[in-house]
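Please read the structure below before turning to the comments.
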Amino acid sequence: MPTFVYASKCDGCGKCVDICPSDIMHLTHSMFNGRKAYNIEPNYCWECYSCVKECPQHAIDIRGYADFAPLDHKLTVLRDQEKLEIHWKIKYRDSSKNQFSFPIRTTKWGTIKAPQSYDQPQPEDLHSQLLSHEPQYLKNARGLATLT
Ligand code: SF4
Ligand code: SF4
């Protein structure tokens, strides 16, 4: 299910608009309600959850994927800015509950190097099967496995 915004919770901050890779979260202006976000084209929603995780007001609802939450469940996604974690809570149709947390990112803030900080690629790299910075950043110093 594409995203759905609860207008009563939305404060119009625009964070979902900035992060949506499909560019379908937009803001509307109303004399009575002020700035509110809404999904202008639900058919083009990737269901990537980026806006759900980013919204500080927890104003965006979405259905969980069927592989972890069968139909007729309620999914709540909370962003913990202190712990830098996303907390997921699922209430299943039989009323049982499950919750789990994942880190927002696995590298420390400020530790990602800019592209220009890396060595320049060499022309012969075009003939290598390795992707950029493999195997160093796969943390596999012995190199990739080979068939024998
Ligand atoms: Fe955009 Fe992803 Fe949110 Fe869909 S789930 S509205 S694609 S950010
Ligand atoms: Fe509204 Fe949340 Fe989007 Fe901010 S991120 S505009 S509060 S729906």
Side-chain angles (χ1 to χ4, degrees), residues 1-121 125-126 128-141 143-145:
M1 183 187 79
T3 53
F4 171 84
V5 178
Y6 292 105
S8 58
K9 293 185 181 175
C10 173
D11 68 1
C13 69
K15 292 189 172 189
C16 57
V17 177
D18 293 340
I19 204 166
C20 176
S22 195
D23 201 19
I24 54 174
M25 292 301 277
H26 285 213
L27 289 168
T28 183
H29 297 262
S30 142
M31 193 164 60
F32 303 108
N33 290 330
R35 267 164 54 119
K36 301 289 177 185
Y38 71 111
N39 186 333
I40 62 162
E41 189 50 88
N43 285 346
Y44 286 101
C45 177
W46 301 6
E47 302 186 13
C48 68
Y49 294 180
S50 298
C51 59
V52 185
K53 291 185 261 187
E54 183 73 351
C55 177
Q57 303 302 325
H58 313 303
I60 306 176
D61 208 352
I62 197 167
R63 189 184 71 196
Y65 295 125
D67 54 354
F68 74 93
L71 285 175
D72 202 18
H73 64 274
K74 171 73 180 153
L75 177 67
T76 310
V77 184
L78 297 174
R79 179 189 180 92
D80 186 330
Q81 202 60 37
E82 295 289 315
K83 295 183 182 170
L84 295 179
E85 288 180 343
I86 303 287
H87 302 297
W88 302 77
K89 285 187 193 170
I90 309 169
K91 185 176 178 190
Y92 297 102
R93 59 182 172 219
D94 65 356
S95 296
S96 61
K97 294 176 185 163
N98 194 2
Q99 43 187 315
F100 43 92
S101 304
F102 287 108
I104 290 174
R105 53 187 294 167
T106 54
T107 52
K108 288 184 182 169
W109 291 100
T111 59
I112 295 180
K113 292 199 290 184
Q116 59 269 30
S117 310
Y118 291 93
D119 294 337
Q120 285 287 320
D125 292 344
L126 284 173
S128 167
Q129 293 182 350
L130 300 178
L131 297 175
S132 180
H133 309 300
E134 273 187 339
Q136 180 187 356
Y137 288 99
L138 291 180
K139 297 189 167 71
N140 181 3
L144 300 179

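Note that these values count all heavy atoms, side chains included, but never hydrogens, waters or copies made by symmetry.
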Considering only heavy atoms from C-beta outward, does the side chain of [X] approach that of [Y] to under 4.5 Å?
X: P21; Y: C48; value: yes
X: P2; Y: I62; value: no
X: M25; Y: I19; value: no
X: K91; Y: T76; value: no
X: E85; Y: F102; value: no
X: W88; Y: Q99; value: no
X: L27; Y: Y38; value: no

Go through D80 and H87 one step at a time and tell me if the side chain to side chain contact (heavy atoms under 4.5 Å, CB included) criterion holds.
-> CA-CA 7 Å; D80 186 330; H87 302 297; 3.4 Å; yes
How would you list, by chain and number, every residue that makes a ring pair (Phe, Tyr, Trp, His ring centres under 6.0 Å) with F4, sequence neighbours excluded?
->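 Y6.
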Among V17, N39, T3, N43, whose side chain to side chain contact (heavy atoms under 4.5 Å, CB included) with I24 holds?
->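 Between I24 and the candidates, side chain to side chain contact (heavy atoms under 4.5 Å, CB included) is satisfied uniquely by N39.
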Residue pair D94 / S96: nearest heavy atoms and the distance that separates them |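 Answer, listing the atom of D94 first, then S96: OD1-OG, 2.6 Å.
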Grab the two heavy atoms, one from K36 and one from A7, that are nearest each other, plus how far apart they are.
->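 Shortest heavy-atom contact: NZ-O, 2.8 Å.
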Considering residues, nucleotides and ligands other than Y44, do more than 12 of their heavy atoms fall under 6.0 Å from its OH?
->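 No.
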Under 3.5 Å donor-acceptor pairs involving side-chain atoms of residues 49-57, not counting sequence neighbours:
unit_1	atom_1	unit_2	atom_2	d
Y49	OH	R63	O	3.1
Y49	OH	Y65	N	3.1
E54	OE1	R79	NH1	3.2
Q57	NE2	D11	OD2	3.1

Rounded to the nearest 0.5 Å, what separation is found between the CG atom of D125 and the CG atom of L131?
->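 Separation between the atoms: 11.5 Å.
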If you round to the nearest 0.5 Å, how far is CD1 of I86 from CD of Q81?
->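 One finds 8.5 Å between CD of Q81 and CD1 of I86.
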Aromatic Y92 / basic K97 pairing, under 6.0 angstrom, 45° off normal |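 No, K97 does not sit over the ring of Y92.
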Taking only residues two or more places apart in sequence or in another chain, which ones pass salt bridge (Lys or Arg N to Asp or Glu O under 4.0 Å) with K15?
->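 With neighbours one apart ignored, the set is empty.
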Please confirm whether the backbone N or O of T28 pairs with a side-chain atom of R35, one donor and one acceptor, at under 3.5 Å?
->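 No, the answer is negative, given that no donor and acceptor are paired below the 3.5 Å cut-off.
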